[in-house]
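Everything numeric in this text was worked out from a predicted model, so none of it was measured. Naming convention: chains lettered A, B, ... in sequence-line order (proteins, then strands); numbering from 1 in each chain.
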Protein chains: 2
Amino acid sequence: MATIYEVSKAAGVSLATVSRVMNGNVKVSDRTREKVLKAMAELGYKPNSIAQSLASNRSNSVGLLVSALHGSFFGNMMSTVEDVLRKAGKHVVITAGHSDEQQEKNAIEFLLDRRCDALILHAEAVSDEYLLELSQRDVEVVLINRRIEQMAERCFYTDNELGGYLATKAAIDKGHSDIAYISGPLFKQDAKERLEGHKRALREANIAFDSELLIEGGFHEAEGAQGYLQLTAVNKPFTALICANDEMASGAMTAARERGVRIPEQLSVVGFDDVLFARYLYPKLTTIDNPIQKMGNGAAHWVLEHVYKQKKPHQHINLFVPKLIMRDSLVAPA
Amino acid sequence: MATIYEVSKAAGVSLATVSRVMNGNVKVSDRTREKVLKAMAELGYKPNSIAQSLASNRSNSVGLLVSALHGSFFGNMMSTVEDVLRKAGKHVVITAGHSDEQQEKNAIEFLLDRRCDALILHAEAVSDEYLLELSQRDVEVVLINRRIEQMAERCFYTDNELGGYLATKAAIDKGHSDIAYISGPLFKQDAKERLEGHKRALREANIAFDSELLIEGGFHEAEGAQGYLQLTAVNKPFTALICANDEMASGAMTAARERGVRIPEQLSVVGFDDVLFARYLYPKLTTIDNPIQKMGNGAAHWVLEHVYKQKKPHQHINLFVPKLIMRDSLVAPA
DNA sequence: AATGCAAATGTAAGCGCTTTCATGGTTAAA
DNA sequence: TTTAACCATGAAAGCGCTTACATTTGCATT
């Protein structure tokens, strides 16, 4: 593999000049540039990105932390982030935190060791303090799906409270008043906010919140199924079930159906996220659009602009507004 | 950030000794090692992985090419590969090829530029020749879901023909004889092989293959729905529909249901891959287990062993055997 | 104590770039 | 023509490590 030295010799110029031609930040005469480019082409020269990184103190890589690499929710986000950054010649190192504090910290340390220029984090388990401290270090930190006051302009998040509100409101508008709710794990901020929204919608409709109709789940399908069974065990009838994400909605629907409950005739179900398979479900799931791609896109562009000084004036939107996606799983009660 | 030089000064030894302590490949006296480790701890020293890479000519990174970052199929694979390699301190650079020849080539070039020590490729669009040539270069190349004779021991793949056979055989065993098939894009080898298996099963059962009951799809949900509609337009009755992957099976089920067809009573459906959402579908999808995680696992361990010389004697299995996963979408014809 | 050897440690030359600073060559103003 | 000002280029010092080779140390022999 040819090095810059061989190019400089072939072109009859110094190393420095070759470097300048590559980087294009310092003026080089046209004649010289031609010579250098020709030599590069002839030698099939490719700069060694590792040497570049060492010399420039820039790794040109961005660390991305997600909870899990599989799953529709993260797939979409990774996809967007990778796309935007790779088009800018940066690369993305992806790690998984599994919603566990220690694993998230390990993953972040790993990214730091890799000398990432910036970190895009979907961190669920570490504390605000940890993240604030991290952002004092010499990496730029951007947060997805989380808001911390002191670093608000680097946070890209959904209005989860509004989303939770919209989901329940939709059921109420259809005429439901006995509404159960399976939340996410309440140590997670988004799960908590969605539940808040649910309660607000009930309050506005003068429906008393009944804690027996609330089950705390874990965002996984199995907990949706299990949550449904627990709810029926209480022996309080409900005609609509709101789930804090689509996975749990799917699990709940399956469990209900196995019990012989017809959906949506006997039970309406609403999800949250609008992941890809929401429309594959039967009946097609009514859910809340959680614009995860847009958040990924926002975060990636923020990094390009602030870390790599790309000056495409990009309008940064930090707060994304969820929308109701009406499909078939929500109908008026019998 | 402390450098190796500061550590060596603090410990009162040379740079080389510190390096040796870190890498552990050359013997260092216990007393010296203690001193060095102490100095490291006190200074909070972390080696600069970029400098290490430059000096050792090892990037410690593995490139992974998939068709798309979202989607259950790839999610599982990425997840496995990342997990195995990160536990070994390597990092994974993930790129997407979008099943397009030029995009796949670009992605591979990108990984090469990043000086990856090895490439794990799920390449669908580039030619065997291209891959063979690539493997002559100074990266190790491993293939997933593809077999090229000349590099057989670095290929990890499913017996797609057998999978296709099993799917159709299952329908035949249930008593079906009018069986339609929606294939994947036939320029892809796996799609072709699955179709071959389908034909073999028909042949063995003395059922004539009817090309009017074959539709070429593209592995996406929409093409499953569309494929179903095309099949019905032919006006040849069929009681079972085999799809070359789960996405298309889901699409076909949705389309059929919208036409008022009850599944599985009026139409049995079989998928392929057993992606996560296959069991979320209604009815739960009978499908073929495609052990994509195992392939990812095999590929990652191959890399650890052959590129990074980790000598955990790992039994490499190159050919994975698919299995039928019987669920609810396949029953005997009415 | 002198000798020989192996083990432990040190020295220094890279790895392939970027970037600061110095230098020589041009051009324009005086 | 002289001088100043500027521009393009080159020389060389890093960036923080690894590793071949040289040197020293410690220990068992004699």
Would you please classify the geometry between the B/His316 ring and the B/Trp302 ring as parallel, tilted or perpendicular, with 30° and 60° separating the classes? tilted
Phosphate contact (D/dC17 OP1 or OP2) by B/Tyr45 side-chain N/O below 4.0 Å: yes
More than 12 heavy atoms of other residues, nucleotides or ligands under 6.0 Å from CG of A/Asn25: is that the case? yes
Counting the atoms with a prime plus P, OP1 and OP2 as sugar-phosphate, which does B/Val13 contact under 4.0 Å by heavy atoms, base, sugar-phosphate, or nothing? sugar-phosphate
Determine the contact category for A/Ser19: base if any of its heavy atoms lies under 4.0 Å from a base atom, sugar-phosphate if only primed atoms, P, OP1 or OP2 are that close, otherwise nothing. base
B/Thr17 vs B/Ala51, nearer the 5' end of DNA chain D by closest nucleotide: B/Ala51
Go through [options] for me and flag the one nearest to the [X] side chain.
X: A/Thr32; options: D/dT18, C/dA8, D/dA8; value: D/dA8
X: B/Ala55; options: C/dT11, D/dG10, D/dG16; value: D/dG16
X: A/Ile4; options: D/dA8, C/dT19, C/dT18; value: C/dT18
X: B/Asn48; options: C/dG16, D/dC17, C/dT9; value: D/dC17

Between D/dT18 atom C1' and B/Leu54 atom CG, what is the distance in whole Å? 10 Å
Rounded distance (Å) that lies between atom P of C/dT18 and atom CD1 of A/Ile50: 14 Å
Do B/Arg86's NZ or CZ and the ring of A/Phe110 fall within the cation-pi criteria of under 6.0 Å and 45°? yes
Side chain of B/Arg20, base of C/dG10: donor and acceptor closer than 3.5 Å? yes
